[in-house]
Amino acid sequence: MILILKENVDKGSQELNRIYEFLENFPGLNIRIVELTGETRTVREIHLIGPTHNVPEEVLSAMRGVERVVRVSTKYRQIGRHDINFVPVGFNYNGVKFDQDGMNIFAGPCAVDTPEYVEQTFSILKDLGIETARMGAYKPRTSPYDFQGHGAKCLPWVFELAGKYDIKVIAMEVLREVHIEEILNALEDAGNPTGVMLQIGTRNAQNFELLKAVGSQTKLPVLYKRGMGLTIEESLNACEYIASEGNRNIVFCLRGIKTSMSAPHRNMVDFIHVPVIQRLTRLPVCIDPSHSIGSKDRAPNGLMDIFSAAAQGVIAGANMILVECHPEPEKALCDGHQSLTPRELELFVNDVAIAREAFEKRANTYSQEMLREMSQ
Ligand code: PEP
Ligand code: MN
């Protein structure tokens with residue numbers, strides 16, 4: 001059971017003390033206070049775990065300081081929305097807002113290669129007004145003979161260059177627990193010129209020890225990529241592993257699922273699951289059209305399949321896009337065949353804006369009154 005508290009109810013307030021006193025009547029309850037800090041307000045919740053069947057919902061709902069009582073299904077206890085009318089607050093990280101209303105584009109190469117290319121990438125992003133990037137220092141590769149990333153040694157110059165071009169957050173995959181430590185140390189040594197969102201790649205989508213490791217630190221948010229062969233339920237349970245360790249700053253990323261039926265695309269695009277994740281959870285939802293499509297093939301009208309896939313996700317309300325680009329894709333050390341050139345990235349950003357405008361129009365179809373009627 002979750003008690004969502006009214007905005008002015010702080011720790012030590014009379015209202016909170018009364019609620020605690022009342023809860024003492026129910027032995028065996030594990031009571032935890034959780035704070036979620038969004039852009040405009042902090043939401044405080046009391047989480048009750050254990051024998052809650054005797055706890056009277058009506059009495060608690062009527063207590064001063066309680067905004068709403070939500071009976072939690074055991075599924076997705078931490079990340080679940082539980083109640084369609086509950087408005088998730090999202091989170092802020094390094095000046096960037098992540099929630100189910102916004103939209104951020106994270107663009108960049110698959111892997112960090114040379115300082116020149118990384119600097120050019122950041123500079124292109126700055127010119128486009130983008131403050132969020134993607135690039136891996138640790139790369140899981142299908143063949144052991146392929147480039148596996150520069151590892152920790154590139155982090156100092158990558159972070160310094162990011163700061164130079166006002167990049168606020170870089171999505172960066174981690175493969176082992178020690179990589180989290182290496183990133184945190186490198187950020188601190190560089191004086192935190194930028195921020196990092198720790199990426200759990202599809203290949204580690206059920207690496208429970210790694211999930212617990214990113215979940216048990218709260219300095220860096222987590223971008224969880226759906227397992228390529230996992231159901232939504234299995235992937236959401238993996239996110240619950242992260243959240244149950246303490247870190248609830250999670251973005252859920254759809255990146256296509258593996259099946260030969262997707263040919264000629266690399267994966268089957270699953271972006272219609274954007275609204276599914278949004279109604280089941282409080283998590284902002286990202287889409288990755290680059291790894292879903294896996295090529296730069298175009299329709300006769302000139303639009304790349306990558307653009308059309310992204311448009312599907314954006315028009316359905318996606319909150320973040322992960323897209324690969326490179327100053328000279330043919331020279332990239334990883335996934336150059338699906339990386340956009342700077343000019344293509346510019347066109348991509350314009351195309352996303354068109355889809356986003358269409359989404360905003362669609363999202364305003366229903367008035368508050370109509371929504372209330374539909375939820376009855
Ligand atoms: C990536 O985004 O760099 C990546 C490897 O993606 P995925 O884990 O979805 O294959
Ligand atoms: Mn890639």
Side-chain angles (χ1 to χ4, degrees), residues 104-113 117-118 121 132-144 146-151 154 158 169-176 179 183 196-207 210-211 214 221-230 232 234-235 238-239 242 250-259 262 265-271 273-274 277 285-296 304-306 309-310 313 318 320-341 344-345 348:
N104 296 300
I105 299 180
F106 280 59
C110 184
V112 172
D113 44 20
Y117 283 143
V118 168
T121 302
T132 42
R134 59 144 296 139
M135 60 184 63
Y138 313 96
K139 295 301 303 176
R141 301 304 300 278
T142 304
S143 164
D146 286 342
F147 174 64
Q148 313 210 346
H150 290 308
C154 69
V158 169
V169 189
I170 307 173
M172 192 170 260
E173 183 164 358
V174 286
L175 306 178
R176 295 165 59 194
H179 298 162
I183 289 173
V196 169
M197 182 176 270
L198 299 174
Q199 191 173 314
I200 296 291
T202 195
R203 290 160 190 82
N204 276 309
Q206 276 189 324
N207 179 340
L210 187 62
L211 296 170
V214 294
V222 180
L223 178 65
Y224 172 87
K225 297 191 86 173
R226 177 186 189 173
M228 62 177 105
L230 297 187
I232 286 293
E234 287 162 336
S235 280
C239 286
I242 302 171
I250 305 168
V251 177
F252 187 95
C253 182
L254 295 163
R255 45 83 66 209
I257 48 174
K258 199 172 180 71
T259 158
S262 66
H265 295 152
R266 186 168 169 175
N267 287 288
M268 186 69 93
V269 178
D270 54 352
F271 298 166
H273 284 157
V274 167
I277 307 300
V285 185
C286 176
I287 52 168
D288 176 347
S290 301
H291 291 91
S292 294
I293 298 297
S295 77
K296 298 209 315 186
M304 276 185 210
D305 295 6
I306 290 179
M320 176 172 156
I321 304 177
L322 209 57
V323 65
E324 287 182 341
C325 66
H326 193 281
E328 293 186 85
E330 60 291 351
K331 299 209 180 127
L333 295 178
C334 180
D335 281 349
H337 62 278
Q338 64 190 33
S339 299
L340 306 181
T341 62
E344 288 162 353
L345 179 66
F348 179 81

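Every number for a ligand or one of its atoms is a count from 1 in the order of the listing.
Nearest N/O/S atom of Asp335 relative to the Mn ion (ligand 2): this is OD2.
Per-residue contacts place Gly201 under 4.0 angstrom from the following atoms of ligand 1 (heavy atoms of the residue considered): 8 (O). Close approach of ligand 1 to Lys139 (heavy-atom distance below 4.0 Å) involves ligand atoms 1 (C), 3 (O), 5 (C).
With 3.5 Å as the limit, one finds a donor-acceptor pair spanning the side chains of Asp305 and His265. No hydrogens or angles considered: nothing links the side chains of Asp113 and His150 as a donor-acceptor pair under 3.5 Å.
Ionic pairing of Glu344 and Lys296 is present here: one or more N-O contacts between side-chain nitrogen and carboxylate oxygen are shorter than 4.0 angstrom. Looking at Arg141 and Asp335, no side-chain N of the basic residue comes within less than 4.0 Å of a carboxylate O on the acidic one, giving no salt bridge. Checked for salt-bridge contact, Arg255 and Asp288 miss the test: no charged N lies under 4.0 Å from a carboxylate O.
Atom SG of Cys286 is separated from atom CE of Met197 by 8.0 Å, given to the nearest 0.5 angstrom.
For atom 8 (O) of ligand 1, the closest heavy atom belonging to the protein is Thr202 N, 2.8 Å. In terms of protein heavy atoms, atom 5 (C) of ligand 1 is closest to Glu173 OE1, 3.7 Å. Closest protein heavy atom to atom 9 (O) of ligand 1: Arg255 NE, 2.7 Å.
Here the Mn ion (ligand 2) is the vertex; the OE2 atom in Glu324 and the SG atom in Cys110 give an angle of 90° (to 10°).
Around atom 2 (O) of ligand 1, the closest heavy atom drawn from Lys258, Lys225, Met228 belongs to Lys225.
Heavy atoms of Arg226 stay at 4.0 angstrom or farther from ligand 1.
For ligand 1, the polar-atom distance check finds no N/O of Glu324 at less than 3.5 Å from any of the ligand's N/O atoms.
By the 30° and 60° cut-offs, the orientation of the rings of Tyr138 relative to His179 is parallel.
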